[in-house]
Amino acid sequence: MTATRQTQVTVTLNDGHEIPQLGLGVWELSPEDAYSSTRAAITAGARHIDTAAAYGNESEVGRAIADAVADGEVTREDLYVTTKLWNADQAPGKAAEAIDTSLANLGLDHVDLWLIHWPVPSYGRYVEAWRALIDARAQGKATSIGVSNFYPEVLDEIIDATGVVPAVNQIELHPGFSQAAQRADDARRGIVTEAWSPLGRGLLEHPVITAIAEAHGVHPAQVIVRWHLQQGIVVFPRSRNPERVRQNLDVDGFELTDEQIARITALDDDPAAAGRVGADPREAAFGLPDDVTE
Ligand SMILES: NC(=O)c1ccc[n+]([C@@H]2O[C@H](COP(=O)([O-])OP(=O)(O)OC[C@H]3O[C@@H](n4cnc5c(N)ncnc54)[C@H](OP(=O)(O)O)[C@@H]3O)[C@@H](O)[C@H]2O)c1
């Protein structure tokens, strides 16, 4: 059992700032659901919200934060807000404007963490995008900066070009795709790994997960959240259902054994556990400006 609530546990980034290890993600939530899930998460103790320009809900996340602050539930300083620079905004001259638009939508003067959403290697603008985030940090618009969906070769390029190591790398990561190699590469560089789609697909019904959940008297989603947390991974499951938002944050009452973590990790080799569910970052080339043809 942990003495500190998991929603209060933080991980130290390579720039010295602290990031809450457990939070809420809002991808694919309608603006209304993004508002209600963010409110429910904050009320349940979450201090970390992960959004993106591309999610179309920065305004409602910002409104939920403003309302929670106005209601005296939290202060802005209590909260950790992440957003992401969209692929189209890697176009020359676009990033600075996109950064200001996101801040205006969020109603914030800075975010805690700004990420490049995807490298889009075929477009080849990720070094310029990284320089734009370095500028945003220098201007106080982001406290920390990082990347998402980056792999060793593109990490090498942005670090070699700028000397600035990302604070985090947010990648697809769940028991069906546990990314041992990229996690080791991130760790070697001092980069904290964050998990996207942390619950995977179909894993909540997988017999290995349901058996461990039953043994602890908890929900399978809570087992998967603990699998991430106990390995030092930063995780922010998403739900449009406030009850599930609370459930996913309520993981203080049990701990997985090393043997249970190993059994869950072994799902990586189980064809029934799905493997990768999202796009391969080496190939992904969506969301580019209209005038770019692949
Ligand atoms: N950087 C990137 O490229 C990238 C890509 C994808 C995601 N992300 C980030 O990562 C966050 C999390 O990933 P995700 O949204 O893909 O998926 P996820 O959190 O792994 O799973 C969300 C799905 O699980 C269901 N769910 C959640 N909690 C549940 C529970 N307790 N019981 C049963 N079902 C539950 C949700 O349905 P209901 O809503 O119906 O509960 C939804 O269908 C995103 O929201 C986003 O912030 C980033």
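One is the number of the first residue; the rest follow in order along the sequence. Just so you know, ligand 1 is whichever comes first in the structure, and atom 1 is the first atom listed for that ligand.
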Proximal atoms of ligand 1 relative to [X] (non-hydrogen, under 4.0 Å):
X	answer
A221	30 (C), 31 (N)
L204	33 (C), 34 (N)
Q247	30 (C), 31 (N)
D50	9 (C), 46 (C), 47 (O)
H117	1 (N), 2 (C), 3 (O)

What part of [X], side chain from CB on, backbone N/CA/C/O, both or neither, has a heavy atom under 4.0 Å from ligand 1?
X	answer
W118	side chain
H219	side chain
L115	neither
Q170	side chain
V26	backbone
S197	both
R240	both
T51	neither

At what distance is the nearest protein heavy atom to atom 24 (O) of ligand 1, and which residue and atom is it?
L199 CD1, 3.8 Å
Considering heavy atoms of the protein only, find what lies nearest to atom 3 (O) of ligand 1 and give residue, atom and distance to 0.1 Å.
N149 ND2, 3.0 Å
Students often mix this up, so state it plainly: with edges at 30° and 60°, are the rings of Y55 and W27 parallel, tilted or perpendicular?
tilted
Determine which pairs satisfy salt bridge (Lys or Arg N to Asp or Glu O under 4.0 Å) with at least one residue from residues 202-214, sequence neighbours left out, and list them in order.
none
Sidechain N-carboxylate O distance under 4.0 Å for [X], [Y]:
X	Y	value
R39	D71	yes
R246	E243	yes
E28	R240	no
K141	D135	no
E128	R131	no
D252	R5	yes

Proximal candidate to [atom] [heavy atom criterion; set [options]]:
atom	options	result
atom 1 (N) of ligand 1	P281, P237, S148	S148
atom 45 (O) of ligand 1	W196, W27, F236	W27
atom 23 (C) of ligand 1	R238, E205, E243	R238
atom 40 (O) of ligand 1	H174, R201, R244	R244

Give yes if a backbone or side-chain nitrogen or oxygen of N241 is under 3.5 Å from a nitrogen or oxygen of ligand 1, and no if not.
no
Would one find an N or O of K84, backbone or side chain, under 3.5 Å from an N or O of ligand 1?
no
Passes side-chain contact (heavy atoms from CB on, under 4.5 Å), R263 versus I212? Steps please.
CA-CA 9 Å; R263 265 164 65 205; I212 294 172; 3.7 Å; yes
With a 4.5 Å limit on heavy-atom distance, are the side chains of L106 and S59 in contact?
no
Side chains of D33 and S30: closer than 4.5 Å at any heavy-atom pair?
yes
Without hydrogens or angle criteria, can the side chains of S102 and N105 be said to hold a donor-acceptor pair below 3.5 Å?
no
Show the atom names and distances, to 0.1 Å, of all donor-acceptor pairs under 3.5 Å that link a side chain in residues 185-192 to residues at least two apart or in another chain.
residue	atom	partner	partner atom	Å
D185	OD1	R188	NH2	3.1
D185	OD1	R189	NH2	3.4
D185	OD2	Q182	NE2	3.4
D185	OD2	R189	NE	2.8
D185	OD2	R189	NH2	3.3
D186	OD1	N169	ND2	3.2
D186	OD1	Q182	NE2	2.9
D186	OD2	T193	OG1	2.7
R189	NH1	D156	OD1	2.9
R189	NH2	P152	O	3.3
R189	NH2	D156	OD1	3.1

Please determine whether any non-hydrogen atom of G278 lies less than 4.0 Å from an atom of ligand 1.
no
